Peer 1: 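One structure, pasted below without further comment.
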Amino acid sequence: MKVLIIGGVAGGATAAARLRRLDESAEILILERSGFVSYANCGLPYYIGGVIRQKHRLTLQTPESFFQRFRIDVRVRNEVLAIHPAEKAVTVRELDTGREYRESYDKLILSPGARPVRPDTPGIDLPEIFTLRTVEDTFRIREYIDEKKPRRAVVVGGGFIGLEMAENLVQAGLATTLLQRSGQVMPPLDADMAAMLHSHLREKGVDLRLNTPISAYSKGEDGVHVHLKNGGEVVADLVLLAIGVTPESHLAKEAGLALGQKDSIVVDEHMRTSQPDIYAVGDAVEVRHIVSGKPALVSLAGPANKQGRIAADHICGRRSAFRGAQGSSVLRLFDLTVAATGLSEKAAKAAGVAYDKVVTFSPDHATYYPGASNMTVKTLFDPETGRILGAQIVGGNGVDKRIDVLATAIRAGMTGADLEELELAYAPPYSSAKDPVNMAGFVIGNVRSGLVRQYHWHDVADLPRDGSVTLLDTQTEGEFAAGHIPGAVNIPVDELRERLGELDPKKPVYVNCYSGLRSYIACRILAGHGFTCYNLSGGYRFYEAVLGPMPVDESPRHPCGVKID
């Protein structure tokens with residue numbers, strides 16, 4: 001059996017190695033257009049920023065090492081020009097010589113990946129404008145920085161690559177402007193969670209400009225002029241385009257394979273395309289979202305690796321199947337860690353999935369142990385069953401651990417009640433006896449049982465200000481003075497029982513505190529005395545993070561309001 005693989009990196013290289021482990025006699029050939037077959041794609045920005053210093057660290061396998069260990073024929077700088085399904089052959093061009101030849105196959109695996117979006121904006125082909133996809137792109141950018149010594153950079157787009165490049169360019173000493181066409185960075189997040197990234201980027205010196213599309217680029221004596229559609233311009237010595245990717249599916253399209261959204265390649269659960277002897281894996285394929293059940297594009301290394309393994313399994317007669325993806329991702333952004341899994345609110349709405357949400361604020365470990373930092377956890381769940389649908393976390397240490405637990409919970413179909421009962425490892429340096437994941441489960445349980453009613457930051461503006469409801473802030477007097485919702489009255493939670501006479505029991509009470517915990521306690525007190533009460537999800541800190549500047553006192557706090565030393 002002869003298996004031909006177009007493209008290496010995550011999906012193609014994984015498929016090749018798995019094929020060899022399953023079939024010692026198979027003839028396996030990888031054709032890779034670039035000069036590198038298997039490399040740390042996700043590490044490329046960190047080489048540009050100087051975090052990864054040696055070039056060879058980016059290369060996971062070479063053609064020589066692939067052959068030595070697996071006896072796989074790897075031909076780099078060999079570009080496939082066309083697929084001929086009826087003849088079970090491809091046309092290939094050697095890029096260094098220009099020679100074209102044909103190569104036959106019994107089974108073909110497509111792993112072409114996704115290419116950076118490059119719109120035909122006037123001036124976009126200037127030599128100072130770069131995209132980042134391959135190792136060659138990385139070296140080109142790094143060499144430009146070393147040789148030209150640019151002082152100013154513009155990053156266009158605030159997705160994974162854009163944010164990582166903004167961080168690394170700042171750390172490389174460049175004054176960096178990030179231009180985002182929409183109103184938020186990091187599209188997998190909801191806008192309220194992304195708001196915390198906006199303030200953090202600006203604190204770290206990034207000139208972040210949202211809702212700022214570009215009309216043109218031009219070259220001046222002082223650098224590249226980036227012309228903005230809403231007026232003005234930004235001048236830079238280097239421009240990095242990171243406005244998204246699109247499936248590299250032209251070969252599949254020309255070969256007549258079935259295509260899905262954004263011309264992605266349609267595959268079944270075994271990664272077979274509409275041609276039974278042709279498989280496809282990685283960023284170019286359309287998959288099923290594990291939560292919504294809808295078609296999705298998930299451009300991540302984890303799913304690509306799994307798909308490569310499954311395609312190899314099926315070719316070798318094993319019944320492996322890809323059940324779907326949920327988009328679990330994590331990103332370091334200076335001092336923050338940002339992570340998401342499953343559905344966001346906007347994704348749930350687009351898919352027509354009913355959901356409710358809770359926002360919790362938890363320290364990564366016991367607050368009496370030095371160095372605790374808080375994380376904001378937004379969890380979506382099915383209001384009928386309590387099944388976890390998605391989660392987003394922004395914080396310091398421990399975010400990756402919690403998103404992995406929640407990703408596992410989603411994959412297992414677990415509910416908020418299951419999160420309550422999870423027995424997670426605890427010691428003061430690592431967690432609390434009630435882990436942030438447990439806390440999300442507790443709050444979901446309180447909401448679903450009716451023990452607490454919620455309102456959210458986006459509901460505040462619509463609350464009547466005619467005296468028919470009471471806005472109650474249960475922070476301390478000092479916290480209240482540092483920041484509060486306009487129109488709220490301040491009764492600290494520890495004084496509430498003695499001051500109930502100041503409130504009208506006939507009026508609904510909308511309560512907030514800093515994090516949502518003390519206001520929950522206040523709601524229980526008020527409910528016990530016949531009041532109708534609503535608790536602000538995520539607390540005042542989340543409300544202000546989304547709608548305004550951070551509080552005057554930005555010291556991290558315990559959920560009950562005590563500062564963390």
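Values in this document were obtained by computation on a predicted structure and should not be read as measured data. Here, residue 1 is the first one in the sequence, and each next residue gets the next number.
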Peer 1: Residues two or more places apart in sequence or in another chain: which of them pass side chain to side chain donor-acceptor pair (under 3.5 Å) with E64?
Peer 2: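 T62.
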Peer 1: Ignoring hydrogens and angles, tell me if any N or O in the side chain of T212 forms a donor-acceptor pair with the backbone of L210 under 3.5 Å.
Peer 2: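 Looks like yes, one N/O pair under 3.5 Å.
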Peer 1: Any donor and acceptor pair, going by atom type alone, linking the side chain of N446 with main-chain N or O of V443 inside 3.5 Å?
Peer 2: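 Checking the backbone N and O of V443 against the side chain of N446, no donor-acceptor pair under 3.5 Å is found.
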Peer 1: Give a yes or no on whether the backbone of V338 and the side-chain of R332 come within a donor-acceptor separation of less than 3.5 Å.
Peer 2: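 Side chain of R332 to backbone of V338: no pair is present.
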Peer 1: Would you say K306's side chain and A325's backbone share a donor-acceptor pair under 3.5 angstrom?
Peer 2: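 No, K306 side chain to A325 backbone: no donor-acceptor pair under 3.5 Å.
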Peer 1: According to side chain to side chain donor-acceptor pair (under 3.5 Å), who are the partners of E420, at least two apart in sequence or on a separate chain?
Peer 2: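 None.
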Peer 1: Of all residues at least two apart in sequence or in a different chain, which pass the salt bridge (Lys or Arg N to Asp or Glu O under 4.0 Å) check with K2?
Peer 2: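 Salt bridge (Lys or Arg N to Asp or Glu O under 4.0 Å) list for K2, sorted by chain: E103.
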Peer 1: Are N305 and T14 linked by a side-chain donor-acceptor pair shorter than 3.5 Å?
Peer 2: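 The criterion, which ignores hydrogens and geometry beyond distance, is satisfied for T14 and N305.
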Peer 1: Pairs in or reaching into residues 89-99: which pass side chain to side chain donor-acceptor pair (under 3.5 Å), with residues at least two apart or in two chains?
Peer 2: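 As it turns out, the side chain to side chain donor-acceptor pair (under 3.5 Å) pairs with a partner in residues 89-99, which skip direct neighbours, are R77-D96, H84-T91, R93-E100, E94-T97, E94-R99.
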Peer 1: Sequence neighbours excluded, which residues qualify as ring-ring contact (aromatic ring centres under 6.0 Å, His included) partners of H200?
Peer 2: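 For H200, no residue satisfies ring-ring contact (aromatic ring centres under 6.0 Å, His included) once neighbours in sequence are set aside.
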Peer 1: Does the side chain of S431 come under 3.5 Å of the side chain of R402 through a donor N or O and an acceptor N or O?
Peer 2: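 Checked: S431/R402 side chains pair up, N/O donor to acceptor below 3.5 Å.
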Peer 1: CD1/I278 to NZ/K88 distance, rounded to the nearest 0.5 angstrom?
Peer 2: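 The CD1 atom of I278 sits 9.0 Å away from the NZ atom of K88.
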Peer 1: Assign the ring pair F66 / F70 to parallel, tilted or perpendicular, where the plane angle (0 to 90°) is split at 30° and 60°.
Peer 2: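 Rings of F66 and F70: tilted, as their planes differ by 30° to 60°.
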Peer 1: Please confirm whether R71 makes a cation-pi placement over F67, using NZ or CZ under 6.0 Å from the six-membered ring centre and within 45° of the ring normal.
Peer 2: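 Yes, a cation-pi geometry holds between R71 and F67.
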Peer 1: Under a 4.0 Å threshold between the charged nitrogen and the carboxylate oxygen, would D268 count as salt-bridged to R272?
Peer 2: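 Between D268 and R272 there is a salt bridge, with a charged N closer than 4.0 Å to a carboxylate O.
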Peer 1: Considering only NZ, NE, NH1 and NH2 on the basic side and carboxylate oxygens on the acidic side, decide whether D190 and K357 come within less than 4.0 Å.
Peer 2: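 Salt bridge: no.
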Peer 1: May I ask you to decide if L419's main-chain N or O and N438's side chain share a donor-acceptor pair within less than 3.5 Å?
Peer 2: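 It does hold such a pair.
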Peer 1: Is any side-chain heavy atom of D382 closer than 4.5 Å to a side-chain heavy atom of V353?
Peer 2: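 No, every pair of side-chain atoms sits at 4.5 Å or beyond.
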Peer 1: Can you tell me if K107 uses its side chain to pair, donor with acceptor, with the backbone of I5 under 3.5 Å?
Peer 2: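 The answer is no, because no donor-acceptor pair under 3.5 Å joins these two groups.
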Peer 1: Can you tell me how far the CD atom of E248 sits from the OG atom of S264, to the nearest 0.5 Å?
Peer 2: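 Those atoms lie 13.5 Å apart.
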Peer 1: For T341 and A407, indicate whether the former's side chain and the latter's backbone hold a donor-acceptor pair under 3.5 Å.
Peer 2: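 Checking the backbone N and O of A407 against the side chain of T341, no donor-acceptor pair under 3.5 Å is found.
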Peer 1: Are any side-chain N or O atoms of T121 and backbone N or O atoms of I124, one a donor and one an acceptor, separated by less than 3.5 Å?
Peer 2: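 Pair absent, no side-chain N/O of T121 close to backbone of I124.
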Peer 1: So, E269 and R288, do they make that salt bridge, N to O below 4.0 Å?
Peer 2: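 Looking at E269 and R288, the cut-off is not met.
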Peer 1: Using the test ring-ring contact (aromatic ring centres under 6.0 Å, His included), find all partners of F322 that sit at least two apart in sequence or belong to another chain.
Peer 2: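 With neighbours one apart ignored, the set is empty.
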Peer 1: Flag yes if more than 12 heavy atoms outside F139 fall under 6.0 Å of its CZ atom; otherwise flag no.
Peer 2: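 Above 12, so yes.
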Peer 1: When rounded to the nearest 0.5 angstrom, what distance separates CE in M186 from CG in L163?
Peer 2: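 Result: 6.5 Å between the selected atoms.
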Peer 1: Is it the case that the side chain of Q180 and the backbone of V185 share a donor-acceptor pair, with hydrogens and angles ignored and the cut-off at 3.5 Å?
Peer 2: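 Not at all, since once roles are kept as given, no pair shorter than 3.5 Å links the two residues.
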